Amino acid sequence: MGNADCVLPGTEFGHRVPVPPSRPFLDTFRANLKETFFPDDPLRQFRNESGPRRVILGLKYFLPILDWAPSYSLSLFKSDLIAGATIASLAIPQGISYAKLANLPPIIGLYSSFVPPLVYAMMGSSRDLAVGTVAVASLLIGSMLADEVSPTQEPALYLHLAFTATFFAGLFQAALGLLRLGFIVDFLSHATIVGFMAGAATVVCLQQLKGMLGLEHFTTATDLVSVLKSVFTQVHQWRWESAVLGCCFLFFLLLTRFFSKRRPRFFWVSAAAPLTSVILGTLLVFLTHAENHGVQVIGYLKKGLNPPSATSLIFTAPYLTVALKTGVVTGIVALAEGIAVGRSFAMFKNYHIDGNKEMIAFGTMNIVGSLTSCYLTTGPFSRSAVNYNAGCKTAMSNVVMAAAVMITLLFLTPLFHYTPLVVLSAIIMAAMLGLVDYEAAIHLWHVDKVDFCVCLAAFLGVVFGSVEIGLVIAVSISILRVLLFVSRPRTTVLGKVPNSSAYRRVDQYPVAQTVPGVLILRIDAPIYFTNASYLRERISRWIEEENDSSKGETSLQYLILDMGAVGSIDTSGISMLDEVKKIIDRRSIKLVLANPGSEVMKKMNSSKILEAIGHEWVFLTVADAVAACNFMLHTCKPGATANDNGACEAVV
């Protein structure tokens with residue numbers, strides 16, 4: 001046997017790595033459970049508080065309005081009044097437009113802009129989020145429900161399914177928040193959302209060609225090929241009146257957005273443009289009787305507030321499955337968008353929002369909404385951006401918006417009778433073009449090609465398949481990437497940086513020098529059953545490559561594993577270490593560990609692998625481990641064994 005069998009002569013290099021004291025299983029389980037589901041420790045505010053005080057704090061936790069309402073002032077209300085009136089001018093036309101996108105009666109869009117904002121104002125923790133319907137969720141509801149029920153042949157059944165899907169979406173969202181399962185939404189990565197939103201925006205714009213061209217019959221499919229086929233097989237039915245009117249209003253909307261972006265203090269110009277378009281379009285149709293010349297109009301809208309819809313929910317076969325599936329899918333998408341928007345504006349104003357509380361708020365407002373003739377709502381970016389720019393201070397701006405919608409429902413709905421559908425199509429297209437974030441896609445390409453591929457897959461899946469297919473593809477690729485990270489962790493060779501005691505990756509630091517006779521490997525992930533076999537094979541290959549490259553020089557005597565990044569290890573990982581030790585023992589190579597964590601030390605000690613390796617061969621740092629190996633290499637006589645007296649020179 002070679003130098004690997006020599007025993008350290010009593011001198012310790014650096015500090016000894018201790019084995020942490022064992023803890024009762026229930027204590028460990030409780031700590032891990034808390035770290036997984038309660039990382040923000042929401043119960044800390046209840047400590048050392050009396051019973052009545054805990055009740056008050058609990059009510060404030062679920063109803064944040066109780067926290068800020070007592071200190072609400074007139075100056076704050078003035079700001080919220082301006083912001084609420086501004087977003088109402090955007091919410092009314094968008095609500096009508098997005099309801100048509102979901103194949104629902106336009107009045108449902110107004111209903112959905114009345115009740116949910118009131119619920120969110122009481123339960124939401126964001127000061128800037130403006131609640132309402134969104135295009136992507138509307139498109140999802142329209143496409144998924146239309147596959148089972150025709151909105152034209154069975155409108156009542158379709159409407160009831162939309163309410164039921166909204167109920168399930170709210171139930172799912174609230175359950176995620178109450179059970180602290182918000183991390184599920186994190187599987188929709190930034191790259192996924194960028195691609196998915198761009199694809200959905202493209203599909204929505206294509207769908208609006210029906211209104212822009214004045215077509216009466218149009219495909220229910222959402223993929224690019226089907227839409228273009230439907231458009232160009234009906235060339236003889238195109239109405240030039242609708243096309244000209246639609247292009248004019250679309251140009252007007254894009255022009256106002258461009259102007260507001262160039263001059264942010266005139267943000268209200270872009271915010272008021274949709275309502276201005278509706279008013280101008282309605283007047284134009286009314287005065288010219290354009291409805292008699294091929295320009296389609298909204299028609300009659302019923303006056304009055306939201307009627308109850310609890311008895312309209314469907315919980316029986318064969319429609320329960322489609323309602324549940326639609327609710328879960330749209331609920332996840334709406335959550336991802338709403339929470340991302342809320343966090344973005346919270347960062348701008350330097351305050352914190354609780355993701356789980358937001359999920360409960362979204363879920364509650366959609367459950368209540370489904371019982372009051374509303375369909376799915378969340379926090380759209382465009383409306384929230386207007387709310388932010390208008391200077392909102394609290395969620396009271398949502399109450400002001402709801403009040404404006406209430407007045408519209410009670411008194412103003414007959415005025416929308418002559419509103420041309422082509423104006424609604426132009427409003428939707430203008431809003432959707434803002435969701436195509438090509439700059440973010442270019443940034444992904446420059447920073448991370450894999451993320452760009454995820455983004456592109458989501459985009460192509462939505463455009464050439466369907467919204468559901470694109471979402472499944474994007475999430476599947478994201479999950480596959482996570483699995484690859486876990487099952488194929490990075491292992492790198494470390495070398496010593498000159499004039500320092502630091503050991504760094506030799507591929508990142510070309511000046512880093514390897515130590516003759518010693519191979520230092522860093523494992524950059526926890527060791528689990530998913531990657532144990534791969535790590536065993538990869539370590540063996542590193543050893544073979546090192547032996548091949550060191551022919552004629554000092555043969556490999558020591559393998560140092562830097563365990564600093566190994567946060568945890570399971571029994572498969574322990575078995576892998578044992579197998580690696582046996583493999584390299586046959587090659588006269590000594591296994592040395594550096595910087596193992598507490599969990600790793602406990603499990604190695606419990607499994608007796610620590611005894612097999614030798615506690616004296618576990619070091620606090622890589623530098624300590626290298627110093628010990630160098631000592632053995634330069635003081636042990638070749639061919640010495642552990643039992644040879646005087647094999648190593650004592651060092652004082």
Side-chain angles (χ1 to χ4, degrees), residues 64-65 68 76-99 109-138 197 257 260 264 267-275 334-349 351 353 357-359 361-362 364-366 368-369 374-408 427-428 430-432 434-435:
I65 190 173
W68 56 264
L76 293 176
F77 178 70
K78 289 179 180 178
S79 299
D80 289 335
L81 180 63
I82 296 173
T86 305
I87 58 176
S89 67
L90 183 63
I92 293 170
Q94 278 190 350
I96 296 173
S97 304
Y98 293 159
L110 292 179
Y111 291 160
S112 302
S113 298
F114 173 48
V115 174
L118 294 176
V119 177
Y120 184 82
M122 293 187 292
M123 302 188 66
S125 57
S126 174
R127 306 170 194 165
D128 304 279
L129 208 65
V131 170
T133 56
V134 289
V136 175
S138 300
M197 288 297 184
R257 176 186 296 175
S260 295
F267 68 91
W268 55 269
V269 174
S270 176
L275 186 59
L335 266 186
E337 181 175 358
I339 292 178
V341 171
R343 284 175 175 168
S344 298
F345 289 108
M347 181 182 65
F348 293 152
K349 287 190 176 179
Y351 68 92
I353 65 171
K357 286 169 65 175
E358 288 294 282
M359 292 177 190
F362 286 151
T364 305
M365 76 180 185
N366 281 314
V368 174
C374 303
Y375 79 104
L376 189 68
T377 54
T378 184
F381 178 80
S382 58
R383 206 174 302 178
S384 300
V386 171
N387 196 32
Y388 172 82
N389 290 325
C392 68
K393 300 300 181 183
T394 67
M396 182 61 73
S397 59
N398 280 287
V399 178
V400 175
M401 177 186 69
V405 174
M406 180 186 69
I407 294 172
T408 303
I427 291 173
I428 292 175
M432 290 302 95
L435 291 181

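Just so we're clear, the structure is a prediction, and the values are computed from it rather than from any experiment. Numbers here simply count residues along the sequence, with the first being 1.
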Q: Take the angle between the ring planes of Phe345 and Phe381 and call it parallel below 30°, perpendicular above 60°, tilted in between.
A: parallel
(Q) Quick check: do Phe114 and Thr408 have side-chain heavy atoms less than 4.5 Å from each other? (A) no
Q.
Has Ser384 got a side-chain atom pairing as donor or acceptor with Ala130's backbone, closer than 3.5 angstrom?
A. yes
Q: Would you tell me whether Thr377 and Asn366 have side-chain atoms, one donor and one acceptor, within less than 3.5 Å of each other?
A: yes
Q | Side-chain (Glu337) to main-chain (Pro380) donor-acceptor, under 3.5 angstrom | A | no
(Q) Can you confirm whether Ile92 sits close enough to Leu110 that some side-chain heavy atom of one is under 4.5 Å from a side-chain heavy atom of the other? (A) yes
Q: Measure across Arg383 and Thr133 and return the closest heavy-atom pair with its distance rounded to 0.1 Å.
A: NH2-O, 3.6 Å
Q) Once you round to the nearest 0.5 Å, how far does CH2 of Trp268 lie from CD1 of Ile82? A) 13.0 Å
Q: First locate atom OG of Ser89, then atom CD of Gln94, and finally report the distance between them rounded to the nearest 0.5 Å.
A: 9.5 Å
Q: Provide the closest heavy-atom pair for Ser397 versus Cys392 in the form atom of the first, atom of the second, distance.
A: OG-CB, 4.0 Å
(Q) Tell me if the NZ atom of Lys78 is crowded by more than 12 foreign heavy atoms within 6.0 Å. (A) no
Q) Among Thr394, Asn387, Asn398, Ile353, which one satisfies side chain to side chain contact (heavy atoms under 4.5 Å, CB included) with Ser126? A) Ile353
Q) Heavy-atom distance under 4.5 Å between the side chains of Tyr351 and Asp128, does that happen here? A) yes
Q.
Is there a side chain to side chain contact (heavy atoms under 4.5 Å, CB included) between Met122 and Thr364? Walk through the geometry before answering.
A. CA-CA 11 Å; Met122 293 187 292; Thr364 305; over 6 Å; no
Q. How long is the span from the CD1 atom in Ile65 to the CE atom in Met396, to the nearest 0.5 Å?
A. 5.5 Å
Q | Heavy-atom pair with the smallest gap, counting every atom of Lys393 and Asp80 | A | N-OD1, 2.7 Å
Q.
For Tyr375 and Ser138: C-alpha separation, side-chain torsions, deciding distance, then whether side chain to side chain donor-acceptor pair (under 3.5 Å) applies.
A. CA-CA 9 Å; Tyr375 79 104; Ser138 300; 2.8 Å; yes
Q: Quick one: closest heavy-atom pair of Pro274 and Ile427, and the distance?
A: O-CD1, 3.8 Å
Q. Ignoring hydrogens and geometry, is there a side-chain-to-backbone donor-acceptor pair from Tyr120 to Gly379 under 3.5 Å?
A. no
Q. Can you check whether Arg257's main-chain N or O pairs, donor with acceptor, with Ser260's side chain at less than 3.5 Å?
A. no
(Q) Looking at every heavy atom in both Pro116 and Cys374, which two are closest together, and how far apart are they? (A) CD-SG, 3.8 Å
Q: Could you pull out the closest heavy-atom pair between Tyr98 and Met432, with the gap in Å?
A: OH-CE, 4.1 Å
**Q.** Thr378 side chain near Val131 side chain, heavy-atom distance below 4.5 Å
**A.** no
